[in-house]
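This report refers to the structure that appears directly beneath it.
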There are 2 protein chains.
Amino acid sequence: MVTIKDVAKKAGVSISTASYAINNDPRISKETKEKILEVAKKLNYHPYAAARNLKRKRTNNIGVFVDGFTGPVYPRIIEGIHAGSRRNNFNIIVSTGQSAKALLLERQVDGAVVIDRGLDDETLVHVAKHGVPIIVLDRDISGKNIFTSMINNEEVSYELIVSMIKKGYRKIGYVAGPVTSYDNLHRFKGFIKALTEYNLPTTYYYKGDFTKASGYRIGKEIIESSNDLPDFLFCANDEMAIGVLDSFRELNIKVPDDIAIAGFDNIELSMYCTPKLTTVAIDHIKWGEELAQALVDILVNNATTINVNTKGKIIYRESC
Amino acid sequence: MVTIKDVAKKAGVSISTASYAINNDPRISKETKEKILEVAKKLNYHPYAAARNLKRKRTNNIGVFVDGFTGPVYPRIIEGIHAGSRRNNFNIIVSTGQSAKALLLERQVDGAVVIDRGLDDETLVHVAKHGVPIIVLDRDISGKNIFTSMINNEEVSYELIVSMIKKGYRKIGYVAGPVTSYDNLHRFKGFIKALTEYNLPTTYYYKGDFTKASGYRIGKEIIESSNDLPDFLFCANDEMAIGVLDSFRELNIKVPDDIAIAGFDNIELSMYCTPKLTTVAIDHIKWGEELAQALVDILVNNATTINVNTKGKIIYRESC
DNA sequence: TTGTACGCGTTATCAT
DNA sequence: ATGATAACGCGTACAA
C-alpha cells in the first residue's frame, strides 16, 4: 500500500509537508506543492480513509438509509440526494437493514437521511444525540439533531377529496397504508377533514400496507364482502391503487364508471395502467437534492434548523 | 465519545481484556466477559469503525456501485446482494459516480460489485490489483482480482429469435442498446447467429441506448422513414421495447399483428403495458445473492475463481 | 487469565 | 517554509 510516507520520501520532503501539500494548506510553496502532487499522482497515492477518518473524526460520507431498493419512490429520492451531496463534495452511502444500523453506530457516516422503518427510534436518537445529524422522512420522531422533512400530505389530500366531492361523489373510501407511516396518517387526516366538512360518511376504510398485493386483496374484499360499495376510492399510494385496479379488472368493475380511483406518488406505472391513474405528483429528485443540501448546511455551516418541504401536485388522468 | 477505554475502566479490567471480550476471544473467562459485555451495553459502546478498520486493514463493507438508482433492474440485483452480504456479516454500501470512485480508491470497501459504466477500467484495474476484488457485470474487462458474471444472453436471444422464425417471421429487426454494453453485444450475437443460420436479412438494425425514450424515437423512425418494415422487432431490453410500443400506439401500428415485439429483462412494466410484452426473465435477486456469496468466498476463503452465471427464461406474452 | 506497550496512516501542534 | 512528533481508537504480540 502506498502511503503518504512513500510520497514524502520520494519527493524528498517530510511527511507533514506532504500532508500539507495534499490538503491544500497555503503555507507550502508553490513549487514544493506541485512537486509533491506530481509524485503523489505518479505513485497513485490516495489517502487511506480509515486513517484520515480516525484523525479527523469525520468521514465526509452521508448515509442514505432506506427500507429497500426496489419500488418506484426511493430510487428517485436517492438520485436527488446524490446530486446534492456531490455538489458539496460529500460521498453518499446508501444502505438498508442491519448494514445501515452498523454504518450509523460505528460512525461511518457524518449524517444521514433515513427512510427506513427498520431503523428503530432508539438507534436514531442515540446516534443523533452523539453528533450525527439525521433527517427522517415519513416519520414522527424528535430529539436533538433530528430533523424532519415532509410532503404537504394533508392539504393536497384534502384538496383532492374536495374536488371529487364537487364532482358528485358521496361514498368515498380510503385505502390506508401502514399505521406507522406518517405519510399515510396525514393523507388520512386530509381525507377525514374533507369528508367531515361535507358531512359525508367515513365508514369506507380499508387497511393496506402500501404494497400492490394489499391493494389487490382489498379490491377483492370490497367487492365480494359488501353490497354497500363506495363510489370513489382514495388510495394512500399508487401501488395499492394499481393493486385495486388489477382486482377490479378481474371482477369486471369499471373504473371510473362503477368506482373511481385515485392514488398518490405519480409513479411511472400510474401512467401505464388502464385506466391511467389520477394521482399526486411529488418531485422526488428535487426533494432529494434539497435534503442533501440541508444536511450539508447542518454539517458544515452548523445550521440548527432545516426547511425542506415538498408540495404534491394533483394530476388528473382517467381513473376518476 | 465512548471508547473501549471507558468500557475497560468501568468494568475494572485492562483495555486488552475488554477488546478480547468484545471480539469473542476464547481466553477470557466467562464471568469477566459477561461483565464487560454488560458494561459495554450499558455505556452504549460501539467500536469506532475508523480505528478498527485502520488496525485491521479491512472494513467488512462490500461496495455495490451502480450507474444510477432508478430503473427496474438494479434495485433487484442490489436487494439480492444485500441479502447475500448480510448472511456473511458484511455490510453493503451502495453508491454511484464520484462517490463510488472515492469509496473504492480510499478503501472504504473490501470488495465490490460494479455495474457502473462511469467507473473507468483504469480505476477498477488499479484497486483490484491492490487487493480489492471486483466483480463486474455487463462488461468485458480482465485483470488480477477482477471477475465477471453474466447472463447467457447469446443463447437465450438465439433461442427466442429461432422460435419466432419458426412462427413464420422473416423480417426481423434488432433494437440495440449502447455498443459499450456487453449485454447488448451478446444479445445481438444471438440475434445474428439465428438470422444467419436461417439465411434471413440482418439489415433491420436500430441504434438505441437502453432508455424508453430511445425506443420511442426508434419506433417513430422505423414507421415514418421507411416503407420496408420489419415484421418482428427484438429489443435489447424491455424499456426500449415499451418505448417502441408507445410510439406504435400513437401511430396506430398494431402489435403483434402489424409488427411483433419482444424485450429483455422482464421488468414489472412489461406485465402492464398493452399488449403485455414477451420478454426474457432474469432472477435478479437470486443473481445478486450469488454475487455476494462469491465475493465473500474470495474475501474470506481466498477463492480465486467465481462461477456465477444466470440463465434467462423466455416468457411469451401478447406482443409476439 | 490478564495487562503492557506498540503500531496502523493520517492530521495537526509546535518548534525550527 | 518546512520538519519532528504526539495523538486519534483499536487490536494484538508478548510478557507476566
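The sequence lines fix the lettering, A, B, ..., with proteins before strands; numbering per chain opens at 1. Keep in mind the model is a prediction, meaning the values are calculated, not measured.
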Is Asp138(B) salt-bridged to Arg117(B), going by a charged N under 4.0 Å from an acidic O?
-> yes

Rounded distance (Å) that lies between atom C1' of dA12(C) and atom CD1 of Ile28(A) | 13 Å

Report yes or no: is there a donor-acceptor pair, N or O only, under 3.5 Å between the side chain of Ser29(B) and the base of dT2(C)?
-> no

Can we say Lys311(A) and Asp283(A) salt-bridge, meaning some charged N sits less than 4.0 Å from an Asp/Glu carboxylate O?
-> no

Pairs: protein N or O with nucleotides 14-16 of chain D N or O, under 3.5 Å:
none

For Ile15(B), answer base if it contacts any base atom (sugar-phosphate contacts may also be present), sugar-phosphate if it contacts only those atoms, and nothing otherwise; contact means non-hydrogen atoms under 4.0 Å.
-> nothing

Extract from the structure each pairing of a protein N or O with an N or O of nucleotides 6-8 of chain D at less than 3.5 Å, listing the distance.
from, atom 1, to, atom 2, distance (Å)
dA7(D), N3, Lys55(A), NZ, 3.1
dC8(D), O3', Lys57(A), NZ, 3.2

Ser19(B) near the nucleic acid: base, sugar-phosphate alone, or nothing, with a heavy-atom cut-off under 4.0 Å?
-> base

Closest to the 5' end of DNA chain C, once Arg52(A) and Thr32(B) are matched to their nearest nucleotides, is Thr32(B)

Reckon Asn23(B) touches a base, only the sugar-phosphate, or nothing at all at heavy-atom distances under 4.0 Å?
-> sugar-phosphate

Could you state the CD-C1' distance from Glu106(A) to dG11(D), rounded to the nearest angstrom?
-> 15 Å

Would you say dC8(C) has OP1 or OP2 under 4.0 Å from some side-chain N or O of Thr3(A)?
-> no

How long is the line joining CG of Asn60(A) and P of dT11(C), in whole Å?
-> 12 Å

Please determine if Glu31(A) and Lys35(A) form a salt bridge, counting it only when a charged side-chain N lies under 4.0 Å from a carboxylate O.
-> no

Rounded distance (Å) that lies between atom C1' of dT12(D) and atom CG of Asn53(B) | 16 Å

For Ser16(A), answer base if it contacts any base atom (sugar-phosphate contacts may also be present), sugar-phosphate if it contacts only those atoms, and nothing otherwise; contact means non-hydrogen atoms under 4.0 Å.
-> base

Nearest-Å distance for atom pair CD1/P, residues Ile36(B) and dT2(C) | 7 Å

Does the Asn145(B) side chain pair with the main chain of Ile134(B), one donor and one acceptor, at a distance under 3.5 Å?
-> no

Quick one: does NZ or CZ of Arg27(A) land under 6.0 Å from the six-membered ring centre of Tyr20(A), within 45 degrees of the ring axis?
-> yes

Do the side-chain N or O atoms of Thr17(B) get closer than 4.0 angstrom to the phosphate oxygens (OP1, OP2) of dT1(C)?
-> no

What's the CD1-P distance between Ile22(A) and dG9(C), to the nearest Å?
-> 14 Å

Check whether any side-chain N or O of Ser95(B) sits under 3.5 Å from a backbone N or O of Ile92(A) as a donor-acceptor pair, and report yes or no.
-> yes

Whole Å only: how far is the NZ atom of Lys35(A) from the C1' atom of dT2(D)?
-> 16 Å

For Arg58(A), does its backbone N or O pair with a side-chain atom of Asp110(A) as donor and acceptor, under 3.5 Å?
-> no

Just to confirm, is there a sub-4.0 Å distance from OP1 or OP2 of dG3(D) to any side-chain nitrogen or oxygen of Ser14(A)?
-> yes

Quick one: Asn24(A) CG to dT11(C) C1', roughly how many Å, whole number?
-> 15 Å

Taking atom types as modelled and ignoring hydrogens, do the side chains of Asn91(B) and Arg86(B) form a donor-acceptor contact shorter than 3.5 angstrom?
-> yes

Does a side chain donor of either Asp265(B) or Asn237(B) reach within less than 3.5 Å of an acceptor in the other side chain?
-> no

Distance-only, no hydrogens or angles: does the Arg139(B) side chain make a donor-acceptor pair with backbone N or O of Asp116(B) under 3.5 Å?
-> yes

